[in-house]
Structures are given as C-alpha cells and as structure tokens.
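Notes to accompany the following structure.
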Amino acid sequence: MFYELAASTWGQEEIDAIQRVVESNRFTMGDHVKEMERRFAGYFGIRHAVMVNSGSSANLAAVAALFFKKSNPLKRGDEVIVPAISWSTTYHPLQQYGLKLRFVDVELDSLNLDTSRLEEALTPNTKMILAVSILGNPAALDVMRAFADRHGLYFFEDNCESMDAELGGRKTGTFGDINTFSFFFSHHISTMEGGMVITDDEELCHLVRSLRAHGWTRDLPPDSPLFEARSDDFFEAYRFILPGYNLRPLEMSGAVGLEQLKKLPSFTAQRRKNLALFHKLFQGDDRFIIQRENGKSSCFCFPIILNPKRDPDRKRVMAALKEADIGYRIITGGNFLRHDVIKYYDYTTVGPMTNADTAHDYGFFVGNHPFDLTPQIETLHSVLNQVCR
Ligand SMILES: Cc1ncc(COP(=O)(O)O)c(C=O)c1O
C-alpha cells in the first residue's frame, strides 16, 4: 500500500532479540520481562512497572487492583468520569467490575475530555477520573489531576495511545495514581501484543503483580504488604490471595520491548517531524479540523475531521483515499455510546455528546510512522484538496 495505516517498526535487533530467547530455551515470563519493567520504569521516572500481555490487560489489572486496596478501595456502583471517545477496553473493565460510567463529551479540536464539564460530571458517588490522551495528544492531565486531588478521587491514566507525549515537561502516563500502556503493532513501540502498568504506589504494584498471575503470591517479595509469609514453602509456592487472571507476557515480548524502548526517542522525533509537515499543510484550512496539540504530541497517526459546517460528503472522501491507496479508519473507537455493547453498561451522560458524534460521523485518521512520510503526507493533502473543493 502507498500509505499504510500501520507499519512495522521492527529491524534486525528485534529478530536477534527473539533469537536470543529461543536459544535460552526459556519462553515464559522471566529475566527479559523483568529487565523491560526496570528500564520502562526508569524511562518514565516511576517506581514500579508491571508488564502484561496487552494494553487491555493492563487496564483490567489496574482497575482490579483499585478494588483490592486496603484503604479506600473502589466498590461496585462507584462512579467513574470517562471521555466519550476511547477504545472499547478502556471501558470494559469498568463495566466488568460493576462501576457506573459518567460520560463527558470531548473537545472537537483536541479530541480529549472537555474539562470544563468536570464540575457538572461530579456527583457524591464519583470515585475516579479515567483520562485518555487520544492518538498521542496529551489530554488536560494537569487540570484533571488537580480536580481529582481537590475532590479525593483516584486518577487513572489509560495512556495506551500516547506513549512519550509530554505535558508541561512531564510524560503522559505519569500523572495517574495508576497508568497503562499498550505495545500493540501499530503503537509507539511494539511487541506485537503487550502492555504495561506503571505506578509509584507499592501496594498497587503488588496487587497488579498478583492479579497478573493467578492471584498468587509467587511474584511478590516476602515482605509484601499484601500478605504475611508463612514458613511452609510447600503451601507457600501455591498460595492464592486475590481473584486474579493470567495476563503474563512472554519472554519474547520482554526482549523485543527492550530493543524497541531504545528506539523510542528516535521514533518520537521522526513522528514529530512528520507532524510538522502535516501541520504545515493542513493547519488553518477551514475544510479540515485537525488536532490542536496540547503540550507535545507523540502522535502515531493524524486524525482529520471534515468540517461539518461545509456539509462534506464523507463517503466520497473515503473513496478518494481508497483510490489513492491511502489507509484510513475511524478515530479510535468513535463515540463509544454509539456501539451496541453500551446496552450492557450502567452509565449516565453529562449533556449531549455533540463533539464525539461529529468526530464519529466526519472523522478518520491516517498513519504516522517513524520514518520520513513526506511523499505520503503530500499526496494525502493533494487528494483531500481535490475531493474537498
Ligand atoms: C486508549 C486505549 N486503551 C487500551 C487499548 C488496548 O490496548 P491493546 O490493543 O494493547 O489491548 C487501546 C488499543 O489500541 C487504546 O487505544
């Protein structure tokens, strides 16, 4: 395809890393995963990192962990403020744990939660804000963090779409009490499938470690605050303390993740160069609404909303992109409230979801890969210029 929606970022280093795992003959979670956790925590300046087998699993383990905290745990029926646009598995763990979602519309230009609606979203039952920085563009994490602190709420960052983005000199994915990342194929770094939970809170870290592996104690130090170690190692080896899962990553993912993490700064730098060209061509053009950068974006794609005021023919535009061999898709999952699965959710909304609907109906994105995309972006511009006359 001339302009792929997603492109591989693996080189020989990743293949060699897999080969080293094959030669070691240890495939299940081990030293490579541990080292990936150590380096990842170091990169983000956070005390604890726990690797899992996907960003979705990271969200599941993180929500679950908040339910098993000793003090002030989440409880069924508690309310969580969420943005109307995100990926399905941002929301599913909340539903699975019996939380009530309170949807807030997004800003049309940033595509992130409209923080001017936070006061209205707050109720006596609110216990958490779930922040998502959409497609590499930091949400108003500083505003949400301050709001959460003011009202004694947990702040959860699903940062699966914005690794290496920055707001006020601080990396996204470090503002939350607990923060999650995805290493899926098309994301900032890729282990094909993989994810991470990071937190400065030791108890949350230990909870996620136990929940990741069957709810047992094996991956916890003997002085963990979660349990009191006993002397009979026969029974201690298979001691279950939490209703957990098996979300463990493979050693191959840990080894590839280490190689990809080394490349992350250069990936981000190249994506920002591509973004500069995209801005140059599209910014200020009334036909297209593009993402207003908040802080420093690490975008791995370029969302575009056809300005509804100009009554665009979306189908015609998509057909022109197809004809030009340019890959495109809906923005993240669009307005989540418009999916059939919503019938299983307990939720309320804060007013109409006007902007999320506009992004759903008139928006799409194309890829931004860590190599020079000048010909692709120029062609994209000329195709859209032509079809949106
Ligand atoms: C915001 C968000 N959260 C969670 C996920 C899930 O990550 P994964 O695909 O690694 O399960 C995604 C996936 O793209 C996402 O965009």
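Counting convention: from 1, in listed order, for ligands and their atoms alike. Because the structure is predicted, anything quoted here is derived from the model rather than measured.
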- Item | F282 six-ring face occupied by R287 cation (under 6.0 Å, within 45°) | no
- Message: If the cut-off is 4.0 Å to any non-hydrogen atom of S56, which atoms of ligand 1 fall inside it?
- Response: 6 (C), 7 (O), 8 (P), 11 (O)
- Task: Enumerate the atoms of ligand 1 whose separation from the nearest heavy atom of T90 is less than 4.0 angstrom.
- Result: 1 (C), 2 (C), 3 (N)
- Looking only at protein heavy atoms, what sits closest to atom 16 (O) of ligand 1 is E161 OE2, 2.7 Å
- Message: Taking side chain to side chain contact (heavy atoms under 4.5 Å, CB included) as the criterion, tell me which of L101, I342, D357 meets it with L337.
- Response: I342
- Task: Specify the protein heavy atom at minimum distance from atom 9 (O) of ligand 1: its residue, its atom name, and the distance to 0.1 Å.
- Result: F184 CB, 3.9 Å
- State whether the shortest distance between N or O atoms of F183 and N or O atoms of ligand 1 falls below 3.5 angstrom. no
- On the 0 to 90° scale, with breaks at 30° and 60°, tag the Y91-F103 ring pair as parallel, tilted or perpendicular. tilted
- Item | Salt-bridge contact R39-E35 (side-chain N to carboxylate O under 4.0 Å) | yes
- Message: Can you name the atoms of ligand 1, numbered from 1 with element, that are less than 4.0 Å from a heavy atom of S86?
- Response: 1 (C)
- Near T89, which atoms of ligand 1 are under 4.0 Å from a heavy atom of that residue? 4 (C), 5 (C), 6 (C)
- At under 4.0 Å between heavy atoms, which part of H187 makes contact with ligand 1: side chain, backbone, both or neither? side chain
- Query: Which one holds for N59 and ligand 1: side chain close, backbone close, both close, or neither close, with close meaning a heavy atom under 4.0 Å?
  - Reply: side chain
- Message: Checking side-chain polar atoms at under 3.5 Å, does N159 have a donor or acceptor matched by the opposite partner on T172?
- Response: yes
- Look at the aromatic rings of F181 and F44 and report parallel, tilted or perpendicular, splitting at 30° and 60°. tilted
- Query: Which option, D158, N159, I134, owns the non-hydrogen atom nearest atom 1 (C) of ligand 1?
  - Reply: D158
- What orientation do F184 and H187 show, parallel under 30°, tilted 30 to 60°, or perpendicular over 60°? perpendicular
- Compare all side-chain heavy atoms of F240 with those of W216 and state whether any distance is below 4.5 angstrom. yes
- Query: Which residue holds the protein heavy atom closest to atom 15 (C) of ligand 1, what is that atom called, and what is the gap in Å?
  - Reply: W87 CB, 3.3 Å
- Message: Check this for me - ligand 1, S182, N or O atoms closer than 3.5 angstrom, yes or no?
- Response: yes
